Asker: 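Have a look at the structure that comes next, please.
Remember, it's a predicted structure, so these values are computed and weren't measured experimentally. Heavy atoms only: backbone and side chains are in, while hydrogens, waters and symmetry mates are out.
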Amino acid sequence: MSKLPPSLLAKGLPILIFVLPFAVNYGFIIDHFYDCQASISDSGLMATLAWRNTWALHPPTVLGWGSFLQAHVFGIFWLTSALSYILPLNMVQSYALYQGLYYALPAVTLYSFLLAQFPGLQQGWQRGWAAFLSLLFAFNGITQVLMDDTHPEIAGPTFLILFLTLWVRQRYGWAIVPFLLCLLVREDMGFHIVGILGLVLLGRGLSHRGFWQQPAGRWLWGFNLFAFTYSIGIIVLQKIFAPEVYDQGYPLFAGVYLGDPAFAHLSAAFFRERLADQLRNLHYIYLPALATLSLSLYPRWRPTLLIGFLAYLPWYGLHLLAVKGIAGILAKYYTFPYIISLAWPLVWPWMSHTNPTPSTQRWGVKVFTVGVVLSILGAALSPNVRTVDLSHFKRSANISAFNAITAAAHVQDDWGQVYIDESIEVLLPREFEQEAWLTHADHESLQPADNLLYCEPSLKPEGVEALLRSQSFKSHYRLKDTPLRLQTNWALTEFEPQWAEVLEPIEQ
C-alpha cells in the first residue's frame, strides 16, 4: 500500500479540518430553517439581525422591539449585515455561512498552532495526530451544546482562541484583529477577555517583577485595560440610550438572573435543587475541570494550568444564582466561555512561562487532549446534549424554491386578513406585522381570515389548528418543493403574478 505524498498530506489536512465542522454546521442551519425547526425567539431572531439590517439591529416585526440593542450589543451583526449586502446569498444561507465559519475556524487555528509551536508534529503522520486533535476540539462536548442552539456566542471563543495563539507566536499586531472582533461579539466579551488575560498578567507579574516593563507585559496590560473599558462603556451607553427590554413582564437581566425582588428565590432548597441539576447536566464542564485540576497537582504543582477554568468562576457563580433554570445549568449558549477553558492548556506553556521547556509543552498537549476527550464523554452522559445531527447530509432543501417564495411575498402588498405561523415569520421576518402571527394572537377571538400561511407540520400547531377549526378556506395550496402551505379564500388572480409560479393546488 503506497503512502500519501507528504505534500498532499500537508495541503489536504487543513482543508479537511475546515470542511468537516463547516459542512456539519452549515448544513444543520440550512436544514434547521427550511425544515421548519427554527423558532422566532432565537434562530429566526439571530438570522434576521445578521442579514441586511441597520445600525439599530431591528428584530423581526412580530417581536415588537424597536432595536435589539435594548437587549444585547451584538456588534458582530453590524459586520455580517454589511457583508450580506455583497454576498449573493439569502438570509438563511448567510447565517449558515457565518455559523459554519465560527465552528470551523477554531479547529484550523489550533491545527496551525500545533504545527507552529510543536515541531515534532510537523513530521509525516504526526500531522495526522495534530489534525485529529483539532477535529476533536471542533466537536468537543461544550461545542456540541452550542451547535444545537444556533446562537452566535460561539464567535467569542473563536476569536479569543485565535487571539491567544497569535499572542503566543508574538504576532501582537495581528492579534489586534481577532481581539477587536471578539469584543464585537457581545457587550460583555471584554470581561471574558479580562478573565483570561487578567489572570495571566497577575501570574506573570508576580513571578517576574520586571514583566510589566517588557513589551509583552505592556501589550498585555493594554489589551486588558481596553477590553475592560470597552465593556463597561458599552453597557453604560446601552443603559443610557436603549430602554430595558422586557421578557414576560420582567426586565431581561432580572428575568434571567436576579428574579423579582432580586435574589428572593435563593434558599437552601434552591441550592440543593440547582446543584443536583448541575451534577446531572454539566458533565461536559466539570469532568474536564476536575481532570485539569488533577493534572495541575500531579506530578508537580502547576497552578497556572487552572487559569482556563478559574477565569470563568464569576460566570459560573452568576449562573449558579440565576432564577432561570436553563441559565442555571449552563445549557445552550450560556456555556460558551468554557470552550476557551478547554483550549487554554495548549497556549498555557507560553502564556505562563517566558521559555517553556519541551516537557512543559508536551504536558500542555496531554492536558488539552484529556480535557477535550472528557468533554465529549461528558456530552454523551448529559441529558441536555443531543447527538450532533448529520441527517441533513441525506437530503437537501430546494433553496431556489424558497427564494422564489420570498420574492413573491415581497411584492405582495395586500394580504387582506392574513395569519401566519412561526415558521413563516422566521423565513419572511419583514413581510408581516405582529397582528398576523398566530402565536401572538388570541386564539379564542381570531378574525375570519382571507389567507393562512403556515408550515406542515407547524412548529407550534396550536394557532393553526384553532384557526382551521373556526373556519374553512376555499382553496388549499402547497408552496412548491417546500413544506409550506397556503389556505385562502381568494381567487388566484387576486395574488401577484409571481404566486402562480410557486403554488400547487391540493385537493380538499
Asker: Can you find a pair of side-chain heavy atoms, one from Phe402 and one from Gln93, that are under 4.5 Å apart?
Answerer: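 Side chain of Phe402 against side chain of Gln93, heavy atoms only: no contact under 4.5 Å found.
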Asker: Which heavy atom of Phe270 sits nearest a heavy atom of Leu320, and at what distance?
Answerer: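 The answer is CE2-O, 3.6 Å.
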Asker: Judged by atom type as modelled, is there a donor-acceptor pair below 3.5 Å linking the side chain of Asn451 to the main-chain atoms of Trp415?
Answerer: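 Checked: pair present.
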Asker: Looking only at non-hydrogen atoms, find the nearest pair between Cys455 and Asp421 and report the distance.
Answerer: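 Smallest heavy-atom distance, with atoms named: N-OD2, 3.0 Å.
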Asker: What distance separates Cys36 SG from Ile424 CD1, expressed to the nearest 0.5 Å?
Answerer: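 One finds 7.0 Å between SG of Cys36 and CD1 of Ile424.
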Asker: Quick one: does any side-chain atom of Gln434 pair with a main-chain N or O of Val62 as donor and acceptor, under 3.5 Å?
Answerer: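 Pair found, side chain donor or acceptor close to backbone of Val62.
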Asker: Which distance, rounded to the nearest 0.5 Å, do you find between the CD1 of Ile420 and the CG of Leu484?
Answerer: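 If I round to the nearest 0.5 Å, the distance is 11.5 Å.
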Asker: Could you report the tightest heavy-atom contact between Trp499 and Ala408, atom names first, then the distance?
Answerer: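 That would be NE1-O, 3.3 Å.
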Asker: Report, as yes or no, whether the 6.0 Å neighbourhood of atom CH2 on Trp78 holds more than 12 heavy atoms from other residues, nucleotides or ligands.
Answerer: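 Yes, CH2 of Trp78 has more than 12 neighbouring heavy atoms, counting only those of other groups under 6.0 Å.
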Asker: State, with a plain yes or no, whether a side-chain heavy atom of Phe336 is found less than 4.5 Å away from one of Ile142.
Answerer: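 Not touching, per the 4.5 Å side-chain cut-off.
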Asker: Return yes if a side-chain donor-acceptor contact under 3.5 Å exists between Gln278 and Tyr316, otherwise no.
Answerer: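 Judged by distance alone, the side chains do pair up.
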Asker: For Thr406 and Asn403, which I'm curious about, is there any donor-acceptor pair between the side chains at under 3.5 Å?
Answerer: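 Side chains of Thr406 and Asn403: no pair found under 3.5 Å.
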Asker: Check whether any side-chain heavy atom of Pro505 lies under 4.5 Å from a side-chain heavy atom of His476, and answer yes or no.
Answerer: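 No, every pair of side-chain atoms sits at 4.5 Å or beyond.
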Asker: Can you find a heavy atom in the side chain of Val256 that is under 4.5 Å from one in the side chain of Val323?
Answerer: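 No. Closest side-chain heavy atoms not under 4.5 Å.
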Asker: Using the ring pair (Phe, Tyr, Trp, His ring centres under 6.0 Å) rule, pick out the option among Tyr333, Tyr103, Phe77, Phe74 that qualifies with His151.
Answerer: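 The option that passes is Tyr333.
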Asker: Whether the side chain of His265 engages the backbone of Leu321 through a donor-acceptor N/O pair (distance < 3.5 Å, no angle test) should be reported.
Answerer: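 Yes, the answer is positive, given that a donor and an acceptor are paired below the 3.5 Å cut-off.
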Asker: Within the side chain of Glu435, is there an N or O that forms a donor-acceptor pair under 3.5 Å with the backbone of Glu433?
Answerer: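 Absent.
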Asker: Can you check whether Asn281 reaches Pro383 side chain to side chain, under 4.5 Å on heavy atoms?
Answerer: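 With C-beta onward as the side chain, the pair touches.
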Asker: Got a sec: does the CZ of Phe226 have more than 12 other heavy atoms crowding it under 6.0 Å?
Answerer: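 Atom CZ in Phe226 is not packed in, count stays at 12 or less.
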Asker: Counting only N and O atoms by type, is there a donor-acceptor contact under 3.5 Å from the side chain of Asn140 to the main-chain atoms of Phe137?
Answerer: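 Yes, the answer is positive, given that a donor and an acceptor are paired below the 3.5 Å cut-off.
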Asker: Provide the closest heavy-atom pair for Thr482 versus Arg478 in the form atom of the first, atom of the second, distance.
Answerer: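 Between these two residues, the closest heavy atoms are O-CG, 4.2 Å.
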Asker: Name the orientation class of the two ring planes belonging to Tyr312 and His192 (parallel below 30°, tilted from 30 to 60°, perpendicular beyond 60°).
Answerer: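 Aromatic pair Tyr312/His192 classed tilted.
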Asker: After noting the C-alpha distance and the side-chain angles of His32 and Ser43, does the key distance pass the side chain to side chain donor-acceptor pair (under 3.5 Å) rule?
Answerer: CA-CA 9 Å; His32 182 68; Ser43 308; 2.8 Å; yes
Asker: Report yes or no: does Ser67 contribute a side-chain atom to a donor-acceptor pair with the main-chain N or O of Ala56 at less than 3.5 Å?
Answerer: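 Judged by distance alone, yes, a pair lies under 3.5 Å.
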Asker: For Phe68 and His72, take the angle between the two ring planes, folded into 0 to 90°, and tell me which bin it lands in: parallel under 30, tilted 30 to 60, perpendicular over 60.
Answerer: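 It falls in the tilted class, 30° to 60°.
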Asker: Are more than 12 heavy atoms, taken from residues, nucleotides or ligands other than Glu273, located less than 6.0 Å from that residue's CD atom?
Answerer: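 Check fails, neighbour count at 12 or below.
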Asker: Decide yes or no for Met147 and Thr143: does some side-chain heavy atom of the first lie under 4.5 Å from some side-chain heavy atom of the second?
Answerer: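 Met147 reaches Thr143 side chain to side chain.
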Asker: Ring-plane angle category for Tyr102 and Phe159, please: parallel below 30°, perpendicular beyond 60°, tilted otherwise.
Answerer: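 Tyr102 vs Phe159 ring planes: perpendicular.
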Asker: Can a donor-acceptor pair be found, under 3.5 Å and without considering hydrogens, that links the side chain of Ser134 to the backbone of Val108?
Answerer: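 Judged by distance alone, no pair lies under 3.5 Å.
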Asker: Could you go step by step and tell me if Thr80 and Leu49 meet the side chain to side chain contact (heavy atoms under 4.5 Å, CB included) rule?
Answerer: CA-CA 9 Å; Thr80 58; Leu49 295 172; over 6 Å; no
Asker: Whether the side chain of Lys480 engages the backbone of Glu501 through a donor-acceptor N/O pair (distance < 3.5 Å, no angle test) should be reported.
Answerer: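 It does hold such a pair.
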Asker: Flag yes if more than 12 heavy atoms outside Lys332 fall under 6.0 Å of its NZ atom; otherwise flag no.
Answerer: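 At most 12 heavy atoms, drawn from other residues, nucleotides or ligands, come within 6.0 Å of this atom.
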Asker: Measure the shortest side-chain to side-chain distance between Phe241 and Gln238 over non-hydrogen atoms and say whether it is less than 4.5 angstrom.
Answerer: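 When only atoms from C-beta onward are counted, Gln238 and Phe241 do not touch, as no gap falls below 4.5 Å.
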Asker: Looking only at heavy atoms, what is the nearest atom pair of Gly308 and Trp344, with distance?
Answerer: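 Shortest heavy-atom separation between Gly308 and Trp344 comes out as N-CD1, 3.5 Å.
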Asker: Less than 4.5 Å apart, side chain to side chain, heavy atoms only: is that true for Glu456 and Tyr454?
Answerer: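 Heavy-atom side-chain distance check passes, below 4.5 Å.
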Asker: Of the non-hydrogen atoms in Glu425 and Thr61, which two are nearest, and what is the gap between them?
Answerer: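 That would be OE2-OG1, 3.9 Å.
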Asker: Distance from Ile30 atom CD1 to Gln99 atom CD, nearest 0.5 Å?
Answerer: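 Result: 11.5 Å between the selected atoms.
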Asker: Assign the ring pair Trp315 / His319 to parallel, tilted or perpendicular, where the plane angle (0 to 90°) is split at 30° and 60°.
Answerer: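 It falls in the tilted class, 30° to 60°.
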Asker: Apply side chain to side chain contact (heavy atoms under 4.5 Å, CB included) to Val92 and Leu427, showing your working.
Answerer: CA-CA 8 Å; Val92 176; Leu427 295 171; 4.3 Å; yes
Asker: Take the angle between the ring planes of Tyr286 and His283 and call it parallel below 30°, perpendicular above 60°, tilted in between.
Answerer: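 Plane angle between 30° and 60°, so tilted.
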Asker: Among Leu453, Val502, Ile506, Leu486, which residue meets the side-chain contact (heavy atoms from CB on, under 4.5 Å) test with Tyr477?
Answerer: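 Only one of Leu453, Val502, Ile506, Leu486 forms a side-chain contact (heavy atoms from CB on, under 4.5 Å) with Tyr477, namely Leu486.
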Asker: Is there a side chain to side chain contact (heavy atoms under 4.5 Å, CB included) between Thr158 and Val185 once you walk through the steps?
Answerer: CA-CA 10 Å; Thr158 293; Val185 172; over 6 Å; no
Asker: Is the ring pair Phe33/Tyr95 parallel, tilted or perpendicular, if the boundaries are 30 and 60 degrees?
Answerer: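 Because their plane-to-plane angle is over 60°, the rings of Phe33 and Tyr95 count as perpendicular.
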Asker: Test side chain to side chain contact (heavy atoms under 4.5 Å, CB included) on Leu83 and Tyr98 and set out the steps.
Answerer: CA-CA 10 Å; Leu83 188 60; Tyr98 306 141; 4.0 Å; yes
Asker: Classify the ring geometry of Phe253 against Tyr257: parallel below 30°, tilted from 30° to 60°, perpendicular beyond 60°.
Answerer: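 Ring orientation of Phe253 relative to Tyr257: tilted.
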Asker: State the CG-CG distance between Leu237 and Leu69, to the nearest 0.5 angstrom.
Answerer: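 The CG atom of Leu237 sits 11.0 Å away from the CG atom of Leu69.
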Asker: Roughly how far, to the nearest 0.5 Å, is the OG atom of Ser382 from the CG atom of Leu279?
Answerer: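 If we round to the nearest 0.5 Å, Leu279:CG and Ser382:OG are 11.5 Å apart.
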Asker: Would the distance check show the side chain of Asn224 and the main-chain N or O of Gly198 forming a donor-acceptor pair, the cut-off being under 3.5 Å?
Answerer: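 Side chain of Asn224 to backbone of Gly198: a pair is present.
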Asker: Got a donor-acceptor contact below 3.5 angstrom from the Tyr230 side chain to the Asp188 backbone?
Answerer: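 Not at all, since once roles are kept as given, no pair shorter than 3.5 Å links the two residues.
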Asker: To the nearest 0.5 Å, how far apart are CG in Leu342 and OG in Ser375?
Answerer: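 Leu342 CG to Ser375 OG: 5.0 Å, rounded to 0.5 Å.
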Asker: Any idea how Trp490 and Phe495 line up, ring-wise: parallel (<30°), tilted (30 to 60°), or perpendicular (>60°)?
Answerer: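 Tilted: the ring planes of Trp490 and Phe495 meet at 30° to 60°.
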